[in-house]
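Structure record follows, encoded as structure tokens.
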Number of protein chains: 2
Amino acid sequence: MGNLEAPDCSIQASLDVLGDRWTILILRDAFRGVRRFEDFRKDLDIARPVLTERLKRLVDRGVLVRQLYCERPPRYEYRLTEMGMALSPALVALMRWGDRWLSDGDAPTVLVHDSCGHPLDQQFVCWECDETFTQYDIASRPGPGASAVT
Amino acid sequence: MGNLEAPDCSIQASLDVLGDRWTILILRDAFRGVRRFEDFRKDLDIARPVLTERLKRLVDRGVLVRQLYCERPPRYEYRLTEMGMALSPALVALMRWGDRWLSDGDAPTVLVHDSCGHPLDQQFVCWECDETFTQYDIASRPGPGASAVT
DNA sequence: GTAGGTCAGTTCTGATTCAGAACCAAGTCG
DNA sequence: CGACTTGGTTCTGAATCAGAACTGACCTAC
């Protein structure tokens, strides 16, 4: 994005890190367990220079760590940090949206509750009312970091 | 993305619709109530030809509808469809991730449970166990649309 | 009734970014 | 030794994007 100002919106802030054609797919692979340069490259069929740049950026921003996994020859792998792991609600949401609206009802992958094996759902929760709800019951208001005038 | 095959992954399918630098920001604005070409353009400071193309694409894919709101002169507005509204879990997840990991603790906007005004949380739910859980309790398995061999 | 303004675009041009291929370096295997 | 693997870098042409100017339909004020 051309603007130099700090984004006044966390979605924009997130997209400054994730918002190009490849980054989210790289992270999806990382969630699936892909860790090595060549494996990302083959799976995504991405140009090497672009992959190099994207991995570097994700490491710089703290989403991935680059770890030596082999001394001789020196080989590195890219792993999700806690910050990276925290993206899972976003990736799950994108996946479920694609399942629901872009596939013909046949989801390629199903996510399940690990301990019981049943499909999971994603919901908004209010701990005050102790209930779950949907997007139609959301309101928004300025937070502590809101600009004075908007 | 360069590949012509149908994506074997719903995240990729979603990104085929949403995965460029502007689309998600356009949709964020739409969720905020922006509906008109000029309002999108001013708010995002996006080049006109790019906005034209993105809106057209979102309408084609069914995420937005283009509705006449003024007969003379003919003026159109862009509104979220049900498909578009269904993206809110994804946008909320991106926003919360930015709040948590990219801001210094001061969220510009806070989302609240409409009926009580308290901040909301986003969780995974298992209706079988009737409990909420986090990304560390998710497993995945091939769904009905999985390719034969993978 | 015409000058200026708004809204929703389209058309053009130059700057960025991307894809694809080739190349490179360090090490391993046969 | 020569081939192969991994993890890159460098180059070049293609696609995309930004920015500005232009268009056209209509509206309002003078």
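Numbered from 1 within each chain, the chains take letters A, B, ... in sequence-line order. As the structure is a prediction and not an experimental result, all values here were calculated from the model.
- Between B/Y76 and D/dA25, a side-chain N or O to OP1/OP2 separation shorter than 4.0 Å is absent.
- When atom types are taken as modelled, the side chain of A/T52 and the backbone of A/R48 share a donor-acceptor pair closer than 3.5 angstrom.
- As a whole-Å value, the separation of A/R41 CZ from C/dA19 C1' is 12 Å.
- Through direct or indirect side-chain contacts shorter than 4.5 Å among Ile, Leu, Val, Met, Phe, Trp and Tyr, B/Y69 is connected to no other residue.
- Judged purely by atom type and a 3.5 angstrom limit, B/W97 has no side-chain atom pairing as donor or acceptor with the backbone of A/S10.
- Here C/dA8 is the nucleotide among C/dA8, D/dC17, D/dG8 with the atom lying nearest to any side-chain atom of B/Y69.
- In this entry the distance linking OH of A/Y78 with C1' of D/dG8 reads 9 Å, nearest Å.
- With 3.5 Å as the limit, one finds no donor-acceptor pair spanning the side chains of B/S103 and B/D106.
- The shortest distance between the side-chain N/O atoms of B/K56 and the OP1/OP2 oxygens of C/dT10 is below 4.0 Å.
- If you take CG of A/L44 and P of C/dC18, they are 14 Å apart, rounded to a whole angstrom.
- A donor-acceptor pair is defined here as one N or O able to donate and one able to accept, closer than 3.5 Å; such a pair exists between the side chain of B/R141 and the backbone of A/G117.
- If you check residues 30-40 of chain A against DNA chain D, the residues with a heavy atom closer than 4.0 Å are A/R36, A/F37, A/E38, listed by number.
- Counting heavy atoms from C-beta outward, B/L27 and B/L64 have side chains that approach closer than 4.5 Å.
- Side-chain nitrogen and oxygen atoms of A/R75 include none within less than 4.0 Å of the OP1 or OP2 phosphate oxygen of C/dT28.
- Listed by residue number, A/R48, A/P49, A/T52 are the residues of residues 46-55 of chain A with a heavy-atom contact under 4.0 Å to DNA chain D.
- In this structure, the CZ atom of A/R21 is 17 Å from the P atom of C/dT16, given to the nearest Å.
- Taking atom NZ on A/K42 and atom P on D/dG8, their separation rounds to 14 Å, with Å as the unit.
- Ring geometry, A/H113 versus B/F133: the interplanar angle falls under 30°, so the pair is classed parallel (tilted spans 30 to 60°).
- Checking the phosphate oxygens (OP1, OP2) of C/dC18, no side-chain nitrogen or oxygen of A/W22 falls inside 4.0 Å.
- Counting only heavy atoms from C-beta outward, the side chains of B/L15 and A/R28 never approach each other to under 4.5 Å.
- The two atoms that bring A/T132 and B/W127 nearest to each other are OG1-CH2, 3.6 Å, heavy atoms only.
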